[in-house]
2 protein chains.
Amino acid sequence: MTRTPLADVACSIARATDLFGDAWTALIMRDVLTGVTRFDALAHDLGISRKVLAARLSRLVEEGVLVRERYQERPPREHYRATRKGEELYPVLLALMEWGDRWYAGPAGPPARIRHLGCGRDTTPVSACAHCGEPLTVGNTTQLPGPGGRTGPGTRVLGPLLSGREDGREDTPEAGRAAAV
Amino acid sequence: MTRTPLADVACSIARATDLFGDAWTALIMRDVLTGVTRFDALAHDLGISRKVLAARLSRLVEEGVLVRERYQERPPREHYRATRKGEELYPVLLALMEWGDRWYAGPAGPPARIRHLGCGRDTTPVSACAHCGEPLTVGNTTQLPGPGGRTGPGTRVLGPLLSGREDGREDTPEAGRAAAV
DNA sequence: CTACCCGAGTTCCCCGAGGGAACTTAAGGG
DNA sequence: CCCTTAAGTTCCCTCGGGGAACTCGGGTAG
């Protein structure tokens, strides 16, 4: 496979994807943030091969997303906890979950709810503008080269935006669900 | 590899990850939403193997995330465009990008900026509560089983939350950067 | 004191997915 | 008539994932 190295591309998505763009990493982070922090618990909960789990965990520790630490001395046992860098992946998980809920929840509804302790209500996460709080969409944002971007041919950033897309038709979550079946 | 099927797990993250948890899919969606919609353009821009690109694209079309459509008749040429389902992956991309910016942007700053056309300012996306607009974090949210969840042993949802985590130390983006180097 | 469980990995083998490059098909263009 | 472009497809090779067994350090039960 020799996964193409994406970490050095001038794109934050590529960099994030280099770590996170793996079927297991998101699930591992979900579990760790959820309180499933022990090796065996993760292996059992995820159904992941122990070999791959060990590899992912050490990669995540290398990256500073998790820390391996002893949680009891006798017998010595280690587990994994999220660092701040790891915790900040939470919005990514929320976005994935929200999307999965919208497009794959059966008629029964989503498998989980997120309760916001701040306002006490079950909530859905939205990607909002840090300044005005309005939701950010493909349609109301545009991308510009940033200071850290080696701006040049081939430089890819997110979003010069849709060319023609004013139809409004296309599918709904329900249609999507049906199509997926 | 025989990638373990995650799509049928009672977790929206797993379902989303089943599609999106692949190094290339996020980059492909970024490009398509960005206006890079032609096969060769994608292959060239991403440096992805044409074989894998073809496989990913047809998977994404199957899933209803992209549509393959003719953009000129003579000679007949097809390209790919995002459906609504595809566009709604935007928040996931934004979250990944934001995280990448926070933790991997060099001293020069992030490679790209997001301009919110609504308020006209360069913005950073935050995951906010749909009700009160407050940012959602690991610390201020909790998860509860949802209606669609087969609640039982082994059911994993996001977030019963951190046990002990009131230290406040650990690393900062800068420390993380340094550690990653 | 020995035998039997953990928890946390590591090792082994097999197979299939990804990389890479060449080949194909269809329609212009010089 | 041959070259070029777009959009894939095919082939071979390697490497990483699945799966299960094995290891290793340290209890704990009998």
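This structure is a prediction, so every number in the text was calculated from the model and none was measured. Naming convention: chains lettered A, B, ... in sequence-line order (proteins, then strands); numbering from 1 in each chain.
Counting only heavy atoms from C-beta outward, the side chains of B/Asp45 and B/Arg30 approach each other to under 4.5 Å.
Taking only side-chain atoms of B/Asp40, from C-beta outward, the nucleotide of D/dA7, C/dG28, D/dG26 with the closest atom is D/dA7.
The distance between atom CD of B/Glu78 and atom C1' of C/dT25, rounded to the nearest whole Å, is 13 Å. Spacing between atom CG of B/Asp22 and atom C1' of C/dG19 amounts to 14 Å, rounded to whole angstrom units. Rounded to whole Å, the distance from CG on A/Leu46 to P on D/dG19 is 13 Å. B/Leu57 places its CG atom 14 Å from the C1' atom of D/dA6, with the value rounded to the nearest Å. Between the CZ atom of A/Arg59 and the C1' atom of D/dG17 there is a distance of 16 Å, given to the nearest Å. Rounded to whole Å, the distance from CD1 on A/Ile48 to C1' on C/dG9 is 13 Å. Atom-to-atom, CG of A/Leu53 to P of C/dA8 comes out at 10 Å; the value is rounded to the nearest Å. Note: CG (B/Leu42) to P (D/dT5) measures 18 Å, nearest angstrom.
In this model, no side-chain donor or acceptor of B/Lys51 finds a partner on the base of D/dG8 within 3.5 Å. Taking 3.5 Å as the limit, the base of C/dG7 and the side chain of A/Arg38 contain no donor-acceptor pair of atoms between them.
Listed pair A/Tyr71 / C/dA8 meets the phosphate criterion, a side-chain N or O lying under 4.0 Å from OP1 or OP2. Dashed line: the shortest gap from a side-chain N or O of B/Arg68 to OP1 or OP2 of D/dG8 is under 4.0 Å. The side chain of A/Arg50 places no N or O atom within less than 4.0 Å of a non-bridging phosphate oxygen (OP1 or OP2) of D/dG17. Proximity of B/Trp24 to the phosphate of C/dA17: no side-chain N or O atom is located under 4.0 Å from OP1 or OP2. For the pair B/Arg77 and C/dA26, the criterion of a side-chain N or O lying under 4.0 Å from OP1 or OP2 is not met. Phosphate proximity of C/dG7 to A/Tyr80: absent, as no side-chain N or O sits under 4.0 Å from OP1 or OP2.
For the residue pair A/Tyr71/A/Thr37, the side-chain donor-acceptor check at 3.5 Å is not satisfied.
B/Arg70 comes within 4.0 angstrom of nothing in the nucleic acid, heavy atoms only.
By the neighbour-count criterion of 12 heavy atoms within 6.0 Å, atom CZ of A/Arg70 is densely surrounded, having more than that number from other residues, nucleotides or ligands.
The nearest pair of heavy atoms linking A/Leu136 to B/Tyr90 is O-CD2, 4.2 Å.
A salt bridge does not link B/Asp101 with A/Arg15: every distance from a Lys NZ or Arg NE/NH1/NH2 to an Asp or Glu carboxylate oxygen is 4.0 Å or more.
Heavy-atom distances to DNA chain D give each of B/Ala41 and A/Pro76 a nearest nucleotide, and the one nearer the 5′ end belongs to B/Ala41.
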